Amino acid sequence: MKRLLIANRGEIALRIVRACREEGIETVAVFSDADRGSPHVQAADRAVSLGPPTASESYLRIDKLLDAANDTGADAVHPGYGFLAERADFADAVANAGLTFVGPSAAAIRAMGEKTSARALMQKAGIPVVPGTVKPVSNAIEASRVAEDLGYPVLLKAVAGGGGKGMRVVRSADELESALAQARSEATKAFGNGDVYVEKLIARPRHIEIQILADTHGRTVHYGERECSVQRRHQKLIEEAPSSVVDDVLRERMGDAAVRAAQAVDYVGAGTIEFLLDDNGHFYFLEMNTRIQVEHPVTELVYGIDLVREQLRIAAGHPIHNVNPVPRGHAIECRITSEDPFDDFLPATGRISELRVPTGPGVRWDAGVEVGSDVGLFYDSLLAKLITWGETRDVARRRMSRALRDLVIVGVSTSQTFHTRVMDEPEFAAGAYDIGYFDTTGQRLLATPPPDDWVERVAVATALLEHRRRSSFNLTSESSPAESVWLHTARRGGLR
């Protein structure tokens, strides 16, 4: 593997560039017109334009990506996450072009990507699944019969789904027909497949996922769990490792199930098995993500492993580097998105005019933006990931609280304030939460509006500009008190 094309954008593309550089692999970035000046484009060794900003005309065009690989002499392709990462036809196309696909086989992607067939496979492998159908329901009458057998509430889920699309909770029979129509419509728009199946709704579970690596030498290893229960409309907001409710015995049971799940489809590469965990310690297979996860940094910090580097090495035929993983400490990740939490997380746009990134021991910043970056509506709202590590969960949480207060982003509304309030909230501090956290406690945290947005932005921008102006004149220490007042105002403003 000498030169790799990254079929993605933003922070994950930049993350892959860095891993490749450490492995001595040249990189080829691709970009749409909207991303021409993005950090991942500047960081790569080469860059190829894909054309219009819309994903359907750029990042989702398999033909353009393969042309870019051919034109630049790339011999491998990394899909990142999102876009084409879990598209079996893309993996097939890459392989048919004589290139190395940094990920599992198309067969494994197909087996786990179609949710009902994946459930059937897991049942055959002896892995517990949530009670429900293993085939899509054909109409509302059949769905109603299944729901009655399972008992309400039930969950309608898109067969080709992910990210909460094509998913509806149904709490009574009179809601089912309408919910089924909505789920089918949403699934068709999102995935081109309107098939829906029915499963029992597990009341207020924890969302626990297990990271695995599998190589071509017959090794499949798990790297513990991540807790992903702080989520809004099935979109994760905060992740941590390890989970506060998983002990060593349960970790090994879930880890063993994850390994068997991967082996059932001859999986190779990095993948994640997602489970629901109920109050009684029973866990149920939810789905498999056949790619690197957004939240992979928390596992990296706890297990001391570079998962992207391992992906590259496995794709090149090397064995897994760390086959006896031992966890150390605790890590938390906050997804910093261009959304306004005080306006129902409405997507926000703008240009980042000021950016102050937190630093210090145990603080990591994975970003796809910089000062001057334009934030639009063409792609996912993720701007960056802020990750902290500590010897204990409490240390990691307090460090995250501090880091969030140090973070200043001016020019676009972000989710920063929500994360700050969660870190200081007693239930989260105690680890006593489940997937219903946002709908209850999270909504309460957002009940108090932030200060006037215009005043805040002016205070932050003025403070930072003043700090830069003073620094350029090499002011003496006698001037520092005034400077500290300005910076204090900036930090307070940054919290909204």
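Nothing here was measured: the structure is a model prediction, and the numbers come from that model.
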Problem - Over-ring placement of Arg393 relative to Phe428, 6.0 Å and 45° cut-offs - result: yes
Exercise for the section: Would you check if the side chain of Tyr81 reaches a backbone N or O of Asn8 as a donor-acceptor pair within less than 3.5 Å? Expected result: no
Practice task
Scan side-chain atoms only and decide if Arg291 and Gln293 contain a donor-acceptor pair under the 3.5 Å cut-off.
Solution key: yes
Handout entry: Pairwise side-chain contact, Leu404 with Ile336, heavy-atom cut-off 4.5 Å (strictly under)
Key = yes
Practice task
Test the Arg119-Tyr197 pair against the cation-pi criterion, namely NZ or CZ under 6.0 angstrom from the six-membered ring centroid and within 45° of the ring axis.
Solution key: no
Exercise for the section: Using modelled atom types only, decide if a donor and an acceptor are shared between the side chain of Asp306 and the backbone of Arg309 within a distance under 3.5 Å. Expected result: yes
Handout entry: Between Phe418 and Phe438, ring centroids under 6.0 Å
Key = yes
Problem - Short side-chain to backbone donor-acceptor contact, Arg251 and Val246, under 3.5 Å - result: yes
Exercise for the section: Using modelled atom types only, decide if a donor and an acceptor are shared between the side chain of Thr392 and the backbone of Val395 within a distance under 3.5 Å. Expected result: yes
Handout entry: Residues Thr27 and Arg21: side-chain donor-acceptor under 3.5 angstrom
Key = no
Handout entry: Between Ser229 and Asp434: side-chain donor-acceptor atoms closer than 3.5 Å
Key = no
Problem - Parallel, tilted or perpendicular: rings of Tyr59 and Phe83 (30°, 60°) - result: parallel
Exercise for the section: Look at the side chain of Arg9 and the backbone N and O of Asp35, then say whether any donor-acceptor pair between them is shorter than 3.5 Å. Expected result: no
Exercise for the section: Indicate whether the side chain of Glu427 and that of Thr441 have a donor and an acceptor atom separated by less than 3.5 Å. Expected result: yes
Practice task
Return yes if some donor-acceptor pair links the side-chain N/O of Asn322 with the main-chain N/O of Asn324 below 3.5 Å, else return no.
Solution key: yes
Handout entry: Residues Ser401 and Arg405: side-chain donor-acceptor under 3.5 angstrom
Key = yes
